[in-house]
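As a basis for the values below, the full set of heavy atoms in this structure was taken, side chains included, without hydrogen atoms, waters or symmetry mates. Along the sequence shown, residues are numbered consecutively beginning with 1.
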Amino acid sequence: MNARRGLCGPGAETGQSVRNTRISAGAKPLYFSRTRDPRRRLPVSSIQAFWRSIAACALTLPVLATPATAMAAPASPPVAVGQVLPDVVMSGLNGPRRQLSSYRGRPLIINVWASWCGPCRKEAASLERLAWSEAGSRYTVIGISTDDDRNAALNWLRHSNATISHYIDSGPRWILEHMLGASSIPVTVLVDAEGRVVARFRGARDWGSAESIQLIERAFAGRGRSAPAR
């Protein structure tokens with residue numbers, strides 16, 4: 001098969017279109033009846049070349065089908081509220097890589113962001129305030145970047161003087177993005193000490209405000225489990 005033109009049959013090796021292929025002037029069509037006139041049969045070499053071309057196309061088709069099959073694989077659904085997050089190894093941005101399960105034993109607040117996301121950048125400072133406040137000291141606050149460009153994520157962390165631990169997701173699977181339900185960002189996911197998702201909040205907030213701290217406390221107390229994100 002000619003990859004550029006998608007041809008099978010005579011002319012495939014040279015890129016010539018099948019419909020423009022001619023045997024000789026005045027010759028009958030290629031697909032002829034061999035019982036009508038033996039003197040007008042194609043030469044043996046031409047017939048052999050035809051079948052070799054067909055065989056080459058047959059061998060190529062399975063290879064071309066493989067990428068399409070891989071692309072059709074569905075993304076995994078987000079972990080529902082009340083379910084335990086699976087354990088994964090997270091790639092560190094401003095620190096070492098770490099297993100998600102190593103955060104168990106203490107309530108966890110996960111903020112999913114990207115350096116190009118204006119609302120994400122707007123709420124970044126309030127996450128720092130929450131992490132260092134007396135009320136926030138009961139929780140661990142971490143960030144997950146969905147940037148395609150690792151350097152862009154690192155540059156933003158330097159610019160914002162980030163002190164909390166940040167990690168970065170990566171394609172083509174985007175495991176963290178899918179399991180945390182980050183179909184839009186920013187999204188903040190509350191996880192209890194046993195690793196269960198308690199609540200998921202979409203959109204930017206002032207996480208250091210009294211209102212947001214009360215929202216977090218209610219969710220971890222069990223009264224905000226069914227509350228959807230804004």
Side-chain angles (χ1 to χ4, degrees), residues 63-128 130-131 136 139-205 207 228-230:
V63 176
L64 294 177
T66 302
T69 302
M71 290 174 63
S76 57
V79 176
V81 171
Q83 299 299 310
V84 176
L85 290 174
D87 191 19
V88 295
V89 177
M90 301 182 294
S91 177
L93 265 177
N94 57 350
R97 61 190 306 188
R98 184 167 175 176
Q99 286 187 278
L100 181 59
S101 63
S102 67
Y103 283 106
R104 291 181 186 173
R106 180 184 173 92
L108 178 65
I109 300 175
I110 305 174
N111 179 258
V112 186
W113 59 277
S115 63
W116 47 263
C117 166
C120 302
R121 296 165 68 103
K122 184 177 179 180
E123 72 174 359
S126 71
L127 286 164
E128 291 282 337
L130 171 65
Y139 316 109
T140 299
V141 183
I142 65 172
I144 305 290
S145 167
T146 59
D147 279 278
D148 293 324
D149 185 348
R150 183 185 182 89
N151 288 330
L154 283 170
N155 288 338
W156 165 245
L157 292 184
R158 295 189 192 101
H159 174 78
S160 62
N161 297 315
T163 61
I164 63 176
S165 295
H166 288 269
Y167 303 88
I168 188 166
D169 204 8
S170 60
R173 297 181 63 191
W174 303 104
I175 294 174
L176 293 169
E177 177 181 316
H178 291 313
M179 79 179 194
L180 294 173
S183 55
S184 62
I185 54 174
V187 63
T188 302
V189 182
L190 309 189
V191 183
D192 68 14
E194 287 72 46
R196 286 188 297 267
V197 175
V198 169
R200 183 178 285 113
F201 300 103
R202 299 190 187 279
R205 290 177 179 269
W207 289 104
R230 280 175 29 200

*Asks:* Heavy atoms only: give me the nearest S115-R121 pair and the separation to one decimal.
*Replies:* O-NH1, 2.9 Å
*Asks:* Testing the basics here: between W207 and T188, what is the closest heavy-atom pair and its distance to 0.1 Å?
*Replies:* CZ2-OG1, 3.3 Å
*Asks:* To the closest 0.5 Å, what do you measure between CG (L93) and CH2 (W156)?
*Replies:*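 Rounded to the nearest 0.5 Å, the CG-CH2 separation comes to 13.5 Å.
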*Asks:* Roughly how far apart are N151 CG and R158 CZ, rounded to 0.5 Å?
*Replies:*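 Rounded to the nearest 0.5 Å, the CG-CZ separation comes out at 7.5 Å.
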*Asks:* Supply the atom-to-atom distance I110 CD1 to I142 CD1, rounded to the nearest 0.5 angstrom.
*Replies:*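 Those atoms lie 4.5 Å apart.
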*Asks:* Could you tell me which non-hydrogen atom of A162 sits nearest to which non-hydrogen atom of N94, and how far apart they are?
*Replies:*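 Minimum heavy-atom separation between A162 and N94: O-ND2, 4.3 Å.
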*Asks:* Quick check for you: to the nearest 0.5 Å, what is the distance between D192 atom CG and L190 atom CG?
*Replies:* 10.0 Å
*Asks:* Applying disulfide bond (SG atoms under 2.5 Å apart) as the test, list every pair that has at least one member in residues 90-120; sequence neighbours left out.
*Replies:*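 Disulfide bond (SG atoms under 2.5 Å apart) check on residues 90-120 returns C117-C120.
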*Asks:* Checking L130 against R205 for the side-chain contact (heavy atoms from CB on, under 4.5 Å) test, could you report, in this order, the C-alpha distance in whole Å, the side-chain angles of both residues, the deciding distance, and whether it holds?
*Replies:* CA-CA 11 Å; L130 171 65; R205 290 177 179 269; over 6 Å; no
*Asks:* Closest approach of M179 and R200, non-hydrogen atoms and distance?
*Replies:*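 Heavy-atom minimum between the residues: O-NH2, 4.0 Å.
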*Asks:* Listed by chain and number, what are the side-chain hydrogen bond (donor to acceptor under 3.5 Å, both in side chains) partners of E177, not counting sequence neighbours?
*Replies:*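 With sequence neighbours excluded, E177 shows a side-chain hydrogen bond (donor to acceptor under 3.5 Å, both in side chains) to no residue whatsoever.
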*Asks:* Which of these, L85, V191, V187, sits in a side-chain contact (heavy atoms from CB on, under 4.5 Å) with L180?
*Replies:* L85
*Asks:* I want to check something: taking the side chain as every heavy atom from C-beta on, are W113 and H166 in contact at a cut-off of under 4.5 Å?
*Replies:* yes
*Asks:* Would you give the length of the straight line joining atom CD1 of I168 to atom CG of L157, rounded to the nearest 0.5 angstrom?
*Replies:*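 CG of L157 is found 9.0 Å from CD1 of I168.
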*Asks:* For A204 and P186, which heavy atoms make the closest approach, and how far apart are they?
*Replies:* N-CG, 3.6 Å
*Asks:* Does some side-chain heavy atom of I164 sit less than 4.5 Å from a side-chain heavy atom of E128?
*Replies:* yes
*Asks:* With sequence neighbours excluded, what pairs up with R98 under the side-chain contact (heavy atoms from CB on, under 4.5 Å) test?
*Replies:*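 If we apply the side-chain contact (heavy atoms from CB on, under 4.5 Å) test to R98, skipping adjacent residues, the hits are S102, Y103, Y167.
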*Asks:* I would like to know whether L176 and V112 meet side-chain contact (heavy atoms from CB on, under 4.5 Å); could you show each step before the answer?
*Replies:* CA-CA 9 Å; L176 293 169; V112 186; over 6 Å; no
*Asks:* Taking the side chain as everything from C-beta on, heavy atoms only, tell me whether R150 gets closer than 4.5 Å to S170.
*Replies:*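 With C-beta onward as the side chain, the pair stays apart.
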*Asks:* I need the minimum non-hydrogen distance between I185 and A114, along with the two atoms involved.
*Replies:*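 Shortest heavy-atom separation between I185 and A114 comes out as CD1-CB, 3.6 Å.
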*Asks:* Could you give the distance from CG (D147) to CG (L154), rounded to the nearest 0.5 Å?
*Replies:*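 The CG atom of L154 is 9.0 Å from CG of D147, to the nearest 0.5 Å.
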*Asks:* CZ of R106: more than 12 outside heavy atoms within 6.0 angstrom?
*Replies:* yes
